[in-house]
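For the numbers below, each heavy atom of this structure counts, side chains included, while hydrogens, waters and symmetry mates do not. Note on naming: letters A, B, ... go to the chains in the order of the sequence lines (proteins, then strands), and numbering restarts at 1 for each one. Source: prediction; values computed, not measured.
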Number of protein chains: 2
Amino acid sequence: MSATETTRSSRPGAPALRGVGRALRPTAKVLPEHARAHNRALVLQHLFHQGPSSRADLARATGLTRVTVSDLVSVLIAEGLVAELGVRPEGRVGKPATLVGMRTEDLQVVAVDLADDASLRGAVMTLTGVVVARRTAALDGRTGDDAVAVLEDLCRDLLAAADRPVVGVGIGSPGVIDSTGFVVEAPNRGWYDLPLAEHLTTRLGLPVHVANDANTHALGEYTYGGAPGDGLMVVTVGQGVGAGIVLDGSLVRGRADAAGEIGHVTVVDDRDVRAGDPQPRPCACGRAGCLETLLSLPALRRATAGTTPEESDAVLASVGRKLGLALAPVVSALNLAEVRLSGPAELLDGALRAEALATVRARTMPLLGQDLALGMSSLDEDGALSGAAALVLSGQLGVT
Amino acid sequence: MSATETTRSSRPGAPALRGVGRALRPTAKVLPEHARAHNRALVLQHLFHQGPSSRADLARATGLTRVTVSDLVSVLIAEGLVAELGVRPEGRVGKPATLVGMRTEDLQVVAVDLADDASLRGAVMTLTGVVVARRTAALDGRTGDDAVAVLEDLCRDLLAAADRPVVGVGIGSPGVIDSTGFVVEAPNRGWYDLPLAEHLTTRLGLPVHVANDANTHALGEYTYGGAPGDGLMVVTVGQGVGAGIVLDGSLVRGRADAAGEIGHVTVVDDRDVRAGDPQPRPCACGRAGCLETLLSLPALRRATAGTTPEESDAVLASVGRKLGLALAPVVSALNLAEVRLSGPAELLDGALRAEALATVRARTMPLLGQDLALGMSSLDEDGALSGAAALVLSGQLGVT
DNA sequence: ATTAGTAAGGAAGGTCTACTAACAAACATG
DNA sequence: CATGTTTGTTAGTAGACCTTCCTTACTAAT
């Protein structure tokens, strides 16, 4: 069967009737109450990012009237999400403003990172991402339902460790996970077609959000990382290589919720081997020459073990070039301005990053490349946890 | 100045205060009337794609109540966008349904394609994309304001040729154009910082929408081309190479409204030259080895001129492979399921397309690659015009 | 023919949302 | 001290959708 024959889309013999017969996209009705929820999120968003403001400030920022904002704020205060903070100190003309602020330090979230194969890492965090307590749970090789049980126990443990009201639970896991927190497949945990978010929401009695770990990482970077308003791509380097893309404030999920799987793009093949280049190595995905065979932490550590700094830099630069090759078309096609790397700085934040940036710039339109920033993630080693927390902020409060 | 030093994003010395200080993204308030506009578009969308329906059908499809749908439909009928079509013929239990349908054949749009350097091509089309009349206007080398005048005259000419009410004017132009129809730069026409949509809307007295030609092409493919609901990328091959990407029903614009500039991704560089591969050729963008130096129509014609069919296929396959190299990372990162090529079938729809698809499949995760469809655009030679028409449908009626 | 059941479409009334208009409170300034 | 400015609230209005109930018109069964 040739590649041509297996192509699903092709020109039909007769031109199809235009404008009819296409499956309707899942568009949803919008009710006034949805509009209100949106405006409510707008107010929270402003308070989260800009800090305490007066109701009049919020009205100016959102475009709503002072009356409407007052109404929304009173609801938020009643819910305990917002508090009055007294009168604004600065003296200006007119009636002094009473500041209201989001109670980011009086509310907490539970965040869990499932990236590691050996143990689950969890934390209780404030809404600003400050870690209040940590817990871990060893998997001891458990998978499937047993792994779910370990996760649930860890969540209960963390909920008990929280000393403030918990807004929700956020979980970042490897694997393919849809927007409802349904795990399509997570081979490392032995999960297939598992409604994890729904299950835990029921069991724990409060909202649980689950998403792919690289995606949550990107969301966290977008929320906490001071990224510009447009678009953002985060490449996470760990056991494997993943990526998350945020465009227009929301995650790109892709047709099968598998967006970001950049680790298995081929960057070395036997036709490309040149002097000084590595041979294509077999990859866990069954093929060879994937980016992940060079850029994952095990691969980087193996390649740099026992080398001089100069040799190490050469190796890292070579990997950086491969990363740049894979990034250039993506940066061009999406006109991305911001790409960030997440992982150990000692491996990534040197020759590798420099060469990756140089490669992308050399291989894209000057206009695009010059605007590009390729930096390290602004989140520290708790980036995955911060991402899980951002997942709660986004899903629960509409704040990104 | 090294590449590293010019990186804008970097780790600040002290961790920044999280959750504050980030420039607020341009989020807008939502009023109940916006909700109504959305629901109105939902009804039109259904009627456009699914054909005539009863009010009860529309209520079921949208999730709104029959009362609300009846109200929306009566407004749409009053506006002349929708008409009652009598009773549904099929006999079922209950009161027979009266069908209502969008008046797609009783309304027209004016579409203009500015892709050609020598002349502007325009057409009057029905809402389903059927061409009613054509007009062209020679540019004779005019640029800047003179070219705008030619365009305006062509539009007036087309408006006069329309024999039904015209909903709006859609224009697809090369260059960087923002979402308001403001031309940031269109070097081929000598336009820089030109509010073209606003200008023509004022001059012509009806709504004018302007967007990049590759983007309109993608939108047209999405609207008229029977594409699946998820995502879509269209690669247009003409004088140059462009691309447009539709995700979640809306165009990807990118940070500087330059998304889709895939023609200037480097696919051949002097480090990559192997036996049988072309040398990197200089490109109009000032660099060398861009995809456009191989895949544009002039390049393809030059490469295949005077060759035997076998030689020609080999050349085209080689170009297809380069296209596949550029597409693979994009397909992986976005989990795209649908890529379509637009251009002369005799050049694209053979060895080139087959090799491009094979290359993408070989270089991406099996899960992603197998799902991928890489076909020809379902729009014919009027694809650019259909795209411009889709621009009007989308911008004016909310139908995509 | 008659009765029952089903579906379509419309009318009345209620709730929710955000708006405009007007006003009192509290302060800076001349 | 009078004046102007800004804040936040109260009261009233308009829009949008909902639920409920009704009429109309047909099919299916008796």
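Regarding contacts with the backbone of C:dG9, a side-chain N or O of B:Thr98 is found under 4.0 angstrom from either OP1 or OP2. Using a 4.0 Å cut-off, some side-chain N or O of A:Asn39 falls inside it from OP1 or OP2 of C:dA18. Distances shorter than 4.0 Å separate some side-chain N or O of B:Arg60 from OP1 or OP2 on C:dA8. For the pair B:Ser70 and C:dA8, the criterion of a side-chain N or O lying under 4.0 Å from OP1 or OP2 is not met. The shortest distance between the side-chain N/O atoms of B:Thr65 and the OP1/OP2 oxygens of D:dT19 is not below 4.0 Å. Look at A:Lys29 and you'll find a side-chain N or O under 4.0 angstrom from OP1 or OP2 of D:dC18.
When the C1' atom of D:dA16 is taken as reference, atom NE2 of B:His34 falls 13 Å away, rounded to whole Å. Look at CG on A:Leu99: it is 14 Å from C1' on D:dT6, rounded to the nearest Å. Rounded to whole angstrom, the span from the CG atom of B:Leu42 across to the P atom of D:dA16 amounts to 16 Å. Rounded to a whole Å, the CG atom of B:Leu72 is 13 Å from the P atom of C:dG10. Between the CZ atom of A:Arg66 and the P atom of D:dT9 there is a distance of 10 Å, given to the nearest Å. Rounded to an integer number of Å, the gap from B:Lys95 NZ to D:dC26 P is 9 Å. Atom-to-atom, CG of B:Leu58 to P of C:dA7 comes out at 18 Å; the value is rounded to the nearest Å. Between the C1' atom of C:dC19 and the CG atom of A:Leu64 lies a distance of 10 Å, rounded to the nearest Å.
Counting any heavy atom pair closer than 4.0 Å across all strands shown, A:Asp71 reaches no nucleic acid atom. The residue B:Arg36 sits close only to the backbone: its heavy atoms come under 4.0 Å of sugar-phosphate atoms, none of a base.
Closest to the A:Val67 side chain, of the nucleotides C:dG9, D:dC18, D:dT10, is D:dT10. Between C:dC27, D:dT19, D:dG8, one nucleotide has an atom nearer to the side chain of A:Ala56 than all others, and that is D:dG8. Ranking D:dT19, D:dG8, C:dA18 by closeness to the B:Leu31 side chain, first place goes to C:dA18. Checked against C:dA22, C:dG9, C:dT29, the side chain of B:Ala97 finds its nearest nucleotide in C:dG9. In the set C:dA26, D:dA16, D:dA25, D:dA25 carries the atom at the smallest distance from any side-chain atom of B:Pro96.
DNA chain D is contacted by both A:Ser54 and B:Gly63; A:Ser54 maps to the nucleotide lying nearer its 5′ end (nearest heavy atom per residue). Toward the 5′ end of DNA chain C lies the nearest nucleotide of B:Glu84, the other residue of the pair A:Pro32 and B:Glu84 mapping further downstream.
A donor atom on one side chain and an acceptor atom on the other are not found under 3.5 Å apart for B:Gln50 and B:Asp57. Looking at A:Arg55 and A:Thr98, their side chains do bring a donor and an acceptor atom within 3.5 Å of each other.
More than 12 heavy atoms of other residues, nucleotides or ligands shown are found within 6.0 angstrom of CD on A:Glu105.
Of the charged side-chain nitrogens involved, none lies within less than 4.0 Å of a carboxylate oxygen, so that B:Glu33 and B:Arg40 do not count as a salt-bridged pair. Salt bridge status for B:Arg66 with B:Asp71: absent, with no side-chain N to carboxylate O gap under 4.0 Å.
Not a single donor-acceptor pair, N or O on each side, falls under 3.5 Å between the base of C:dG9 and the side chain of B:Arg55.
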Verdict with supporting geometry, B:Glu198 and B:Thr180, side chain to side chain donor-acceptor pair (under 3.5 Å): CA-CA 8 Å; B:Glu198 184 188 331; B:Thr180 69; over 6 Å; no

